[in-house]
Novice: 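This is the structure I have questions about; it appears just below.
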Amino acid sequence: QVQLAESGGGVVQVGMSLRLSCAASGLTFSTYAMAWFRQAPGKDREFVATISRGGETTYYGDSVKGRFTISRDNAKNTVYLQMRSLKPEDTAVYYCAARPRNYGLESANRYDYWGQGTQVTVSS
């Protein structure tokens, strides 16, 4: 059974940093592209970042480019999202997702597995 478990969310102040983790089990992690999405109340799920299965290629949504960094450790079956210079508009539930291809995509419906999400709240 595939499981993706996010952790690291919390309440932080504007301008601070936070690192999210997503631990995967039940799949051959190194054969999956991984991604982070987020969803704020009343809004559609938004693409945040994706990383290729070997970690060589990353791609970011425009709203987080230059502030967030996605990385992965295939030995630990874990993908990370380092978030810096956080803004109130970054407040959302953050989800990790897995796609059995070399590269990820921005479209949420191209991912096979999802975690339950972790709440990030940025207070001003």
Side-chain angles (χ1 to χ4, degrees):
Q1 181 181 358
V2 175
Q3 288 189 326
L4 302 178
E6 301 96 338
S7 61
V11 180
V12 295
Q13 293 185 329
V14 170
M16 294 186 69
S17 300
L18 203 59
R19 188 176 83 154
L20 305 183
S21 300
C22 171
S25 59
L27 52 73
T28 304
F29 184 71
S30 61
T31 66
Y32 283 75
M34 299 298 295
W36 288 94
F37 288 79
R38 67 186 183 185
Q39 189 164 20
K43 294 188 176 181
D44 292 336
R45 193 163 292 192
E46 177 189 12
F47 168 76
V48 174
T50 186
I51 187 166
S52 60
R53 57 191 182 193
E56 312 88 4
T57 302
T58 58
Y59 181 72
Y60 298 90
D62 288 341
S63 61
V64 306
K65 204 171 294 183
R67 299 187 299 121
F68 290 11
T69 303
I70 189 171
S71 61
R72 66 190 294 161
D73 186 338
N74 285 350
K76 296 182 178 180
N77 288 1
T78 302
V79 61
Y80 304 96
L81 185 69
Q82 178 68 52
M83 306 184 293
R84 299 180 177 86
S85 301
L86 284 162
K87 305 175 181 180
E89 51 264 43
D90 295 319
T91 295
V93 177
Y94 284 71
Y95 300 90
C96 67
R99 181 172 189 259
R101 296 290 187 276
N102 191 21
Y103 298 105
L105 296 172
E106 291 189 43
S107 177
N109 63 15
R110 305 301 289 269
Y111 290 82
D112 287 14
Y113 302 107
W114 292 83
Q116 293 299 306
T118 185
Q119 176 71 45
V120 172
T121 302
V122 183
S123 63
S124 55

Novice: Using a 4.5 Å cut-off on heavy atoms from C-beta on, say whether the side chain of Tyr111 contacts that of Thr50.
Specialist: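 A side-chain contact exists here, since the closest heavy-atom pair is under 4.5 Å.
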Novice: Please examine the side chains of Glu89 and Ser63, heavy atoms only from C-beta on, and report whether any two atoms are closer than 4.5 Å.
Specialist: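 A side-chain contact under 4.5 Å is absent here.
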Novice: Do Arg99 and Tyr113 meet the cation-pi criteria used here (NZ or CZ under 6.0 Å from the six-membered ring centre, within 45° of the axis)?
Specialist: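 That pair does not qualify as a cation-pi contact.
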Novice: Where do Val79 and Trp36 land on the side-chain contact (heavy atoms from CB on, under 4.5 Å) test, with the steps shown first?
Specialist: CA-CA 9 Å; Val79 61; Trp36 288 94; 3.9 Å; yes
Novice: Within a strict 4.5 Å, meaning less than it, do heavy atoms of the Met83 and Val12 side chains meet?
Specialist: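 No, their side chains stay 4.5 Å or more apart.
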Novice: Determine, step by step, whether Ser17 and Arg84 satisfy the side-chain contact (heavy atoms from CB on, under 4.5 Å) criterion, reporting the C-alpha distance in whole Å, the side-chain angles of both residues, the deciding distance to 0.1 Å, and the verdict.
Specialist: CA-CA 4 Å; Ser17 300; Arg84 299 180 177 86; 3.7 Å; yes
Novice: Using side-chain heavy atoms (C-beta onward) and a distance below 4.5 Å, is Gln39 in contact with Asp44?
Specialist: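 No, side chains not in contact.
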Novice: Determine whether Leu20 and Thr118 make a side-chain contact, defined as any pair of heavy atoms from C-beta on separated by less than 4.5 Å.
Specialist: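 Answer yes - side chains close enough.
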Novice: Any side-chain donor-acceptor pair under 3.5 Å between Arg19 and Thr69?
Specialist: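 On atom types as modelled, these side chains do not qualify, holding no pair under 3.5 Å.
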Novice: Is there side-chain contact between Thr91 and Val120, with at least one heavy-atom pair below 4.5 Å?
Specialist: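 Thr91 does not reach Val120 side chain to side chain.
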Novice: Any ring pair (Phe, Tyr, Trp, His ring centres under 6.0 Å) pairs touching residues 58-108, not counting sequence neighbours?
Specialist: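 Every pair satisfying ring pair (Phe, Tyr, Trp, His ring centres under 6.0 Å) with a residue in residues 58-108: Phe47-Tyr59.
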Novice: Answer yes or no: are there more than 12 heavy-atom neighbours, outside Lys43 itself, under 6.0 Å from its atom NZ?
Specialist: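 For Lys43, atom NZ is not crowded (no more than 12 foreign heavy atoms under 6.0 Å).
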Novice: Counting heavy atoms not belonging to Gln119, are there more than 12 under 6.0 Å from its CD?
Specialist: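 Enclosed: over 12 neighbouring heavy atoms sit under 6.0 Å from CD of Gln119.
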Novice: Given Leu86 and Leu18, is the side-chain contact (heavy atoms from CB on, under 4.5 Å) satisfied, shown in steps?
Specialist: CA-CA 8 Å; Leu86 284 162; Leu18 203 59; 3.9 Å; yes
Novice: Exactly one of Thr58, Ile51, Asn77 should register a side chain to side chain contact (heavy atoms under 4.5 Å, CB included) with Arg72. Which one does?
Specialist: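 The residue from Thr58, Ile51, Asn77 that satisfies side chain to side chain contact (heavy atoms under 4.5 Å, CB included) with Arg72 turns out to be Ile51.
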Novice: So which pairs with a foot in residues 84-124 pass disulfide bond (SG atoms under 2.5 Å apart), sequence neighbours left out?
Specialist: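 Applying disulfide bond (SG atoms under 2.5 Å apart) to every pair that reaches into residues 84-124, excluding sequence neighbours, yields Cys22-Cys96.
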Novice: Decide, yes or no, whether a salt bridge links Asp90 with Lys87 under the criterion of side-chain N to carboxylate O below 4.0 Å.
Specialist: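 So Asp90 does not pair with Lys87 through a salt bridge.
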Novice: Between Thr78 (side chain only) and Lys76 (backbone N and O only), is there a donor and an acceptor less than 3.5 Å apart?
Specialist: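 Confirmed, Thr78 side chain pairs with Lys76 backbone.
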Novice: For Gln13, does the CD atom have more than 12 heavy-atom neighbours from other residues, nucleotides or ligands under 6.0 Å away?
Specialist: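 No, the 6.0 Å shell around CD holds no more than 12 heavy atoms from other groups.
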Novice: Please verify the inter-ring angle class for Trp114 with Phe37; under 30° counts as parallel, over 60° as perpendicular, anything in between as tilted.
Specialist: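 Ring orientation of Trp114 relative to Phe37: tilted.
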Novice: For Ser21 and Glu6, what are the C-alpha separation, side-chain angles and deciding distance, and is it a side-chain hydrogen bond (donor to acceptor under 3.5 Å, both in side chains)?
Specialist: CA-CA 6 Å; Ser21 300; Glu6 301 96 338; over 6 Å; no
Novice: Decide yes or no on side-chain contact (heavy atoms from CB on, under 4.5 Å) for Leu4 and Met34, but give the supporting numbers first.
Specialist: CA-CA 11 Å; Leu4 302 178; Met34 299 298 295; 4.2 Å; yes
Novice: Which salt bridge (Lys or Arg N to Asp or Glu O under 4.0 Å) pairs, counting each pair once, include a residue from residues 105-124, with sequence neighbours left out?
Specialist: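 Of all non-adjacent pairs touching residues 105-124, none passes salt bridge (Lys or Arg N to Asp or Glu O under 4.0 Å).
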Novice: Is a side-chain N or O of Thr121 found less than 3.5 angstrom from the main chain of Val11, in a donor-acceptor match?
Specialist: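 Judged by distance alone, no pair lies under 3.5 Å.
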Novice: For Val14 and Ser124, which heavy atoms make the closest approach, and how far apart are they?
Specialist: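 Scanning both residues completely, I find the closest heavy atoms to be CG2-CA, 3.6 Å.
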Novice: Any side-chain heavy atom of Ser25 sitting closer than 4.5 Å to one from Val2?
Specialist: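 No, every pair of side-chain atoms sits at 4.5 Å or beyond.
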Novice: Would you please say whether a donor-acceptor pair under 3.5 Å links the side chains of Gln82 and Ser71?
Specialist: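 There is no such pair (donor and acceptor under 3.5 Å, judged by atom type) between the side chains of Gln82 and Ser71.
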